[in-house]
Amino acid sequence: MKYFSTRDLKKNQPVSLKEAVLKGLADDGGLYMPEFLPKLSQEQISGLQQLELPEIATRLLHVLMGGEPDIRHLEAICRDVFNFPIPLVQLSDQLYSLELFHGPTLAFKDVGARFMARLTSLLMQESRKEVRVVVATSGDTGGAVASGFHGVEGIRVFILFPKGRVSMMQQKQLTCWGDNITAIEVDGSFDDCQHLVKQLLSEKADYPHFNLTSANSINIGRLLPQAVYYLYAWSRLGCKPGIGVSVPSGNFGNLTAGLLASAAGAGISAFAASTNINDVVPQYLKTGSFVARPSIQTISNAMDVGNPSNFERIMHLFAAQPMENRLHGFRFSDDETREAIRELSTQFNYSCDPHGAVAYLGLKDLLACLPSLSKGIFLETAHPSKFQEVVEACTGRAVYIPDRLAAFMKKKESFLVMENKLNKIRECILA
Ligand SMILES: *Cc1c(COP(=O)(O)O)cnc(C)c1O
């Protein structure tokens, strides 16, 4: 499989998987996409219901990635990455929650980060050049990337996080690692951090001793594995039509992965792009114009994104077909989100984090506007204990704290403090 930039419409600059993953961002500033979107065969789809998660991962990614890495390596990576459950929890006749938070840092980003770490490690085995990974986080990415890459030989990771904008627990999870992981607190917003990463990667400098790449969802190596759980969830509901999926979205990597899964054969009938008041994409779907703007802080802070980078990939995917039929945008305020957390608790006895609650609201709206849907899945992207204060204030009930989260709280933080200045950050990362 070759990969092309979303801006290389004539397909003049094919790159290998290795180049796409180790570069992160294409030279023209676009994002890498597979050259074409292969489909699972009917036999491959009808056999899915008998398979477990790691096997479904191998089957899908083998097709989606066109056979590279080879099946033996891919299988080993998938077994290793998907070693925690992704339960589809039924709340009612119609409603399901896909719990993506059972990984080491209790956020769905564990899936992409763990896969990319193992893939990067495999791809650089021959080159012997060090890899430096720079990543911006609005909360959960940093912890998941740190956990995924910690201790991986030949890779150094730099995490930029916005000062005062991540929860205490999130900060612990990204500052507690040491070794090959360096956390940097930036005096700015998430968008500033993301901008710094993009600027660094777009300098196209050729560093003799290392490759510089990003582990944000701009990296195709993080995005592809996320397609797996869409296919998996759809197979657990019997591979039937009439299923809608609501995705709590910020940078829109997760939703892009859903569209990739759908193109590969997951027969998901419709998607909800569910956001908090940072609703650039729902606005676009409504008005046809995409207007990026500074992000606003909310209780679903991992979705506080004012200029979603994967929108470019979504446009690319939908270039051939109109978006309106398959993709519906919904936005919700913090008050509505709190009300949803309360409702999930009282109606379904279900403890939900603010991101999942936004997805739940989007799913209800999606089902209401498309009566042809018989069932709906919302993605629950973080464990409620990561947002303990908000959730407990809404429900009046204590949130269960898993042991591995409690263990993070006891660890010591260490991080660098920097101004929002490219030259300072560059100096630190290139040193
Ligand atoms: C990152 C994140 C999201 C948003 O995912 P995108 O791929 O950026 O759209 C949603 N929920 C949680 C908990 C997250 O950490």
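Counting starts at 1 for both ligands and their atoms, in listed order.
- The aromatic ring centroids of His383 and Phe101 lie less than 6.0 Å from each other.
- Where the criterion is an N or O separation shorter than 3.5 Å, residue side chain and backbone included, Ala302 fails it with respect to ligand 1.
- Regarding atom 5 (O) of ligand 1, its nearest protein heavy-atom neighbour is Phe108 CZ, 3.5 Å.
- If you check which protein heavy atom lies closest to atom 11 (N) of ligand 1, you get Thr381 OG1, 2.8 Å.
- Between Pro384 and Val391, the shortest heavy-atom distance links the atoms O-CG2, 3.9 Å.
- Here is the list of ligand 1 atoms found below 4.0 Å of a heavy atom in Gly250: 4 (C), 6 (P), 8 (O), 9 (O).
- Residues Pro69 and Leu17 share a closest heavy-atom pair of CD-CD2, 3.8 Å.
- Side-chain atoms of Thr6 and Glu312 form a donor-acceptor pair, as typed in the model, at a separation below 3.5 Å.
- Judged by distance alone, the side chains of Tyr284 and Asp279 never bring a donor and an acceptor atom under 3.5 Å apart.
- Annotation for ligand 1: atoms under 4.0 Å from non-hydrogen atoms of Ala382 are 13 (C).
- Those atoms of ligand 1 that come under 4.0 Å of a heavy atom in Gly253, given as number and element, are 6 (P), 7 (O), 9 (O).
- Considering backbone and side-chain N/O of His355, none are found under 3.5 Å from N/O of ligand 1.
- Each of the following atoms of ligand 1 lies closer than 4.0 Å to a heavy atom of Lys109: 1 (C), 2 (C), 3 (C), 14 (C), 15 (O).
- Nearest non-hydrogen protein atom to atom 10 (C) of ligand 1 is Pro248 O, 3.5 Å.
- Under a 4.0 Å criterion applied to the non-hydrogen atoms of Asn254, ligand 1 contributes the atoms 7 (O).
- In terms of protein heavy-atom proximity, atom 8 (O) of ligand 1 is closest to Asn251 N, 2.8 Å.
- Using modelled atom types and a 3.5 Å distance limit, the side chains of Ser189 and Ser295 yield no donor-acceptor pair.
- Pairing each heavy atom of Met124 with each of Val131, the nearest pair is SD-CG2, 3.3 Å.
- Cation-pi geometry between Lys240 and Trp234 is not met: the NZ or CZ atom fails to fall both under 6.0 Å from the ring centre and inside 45° of the normal.
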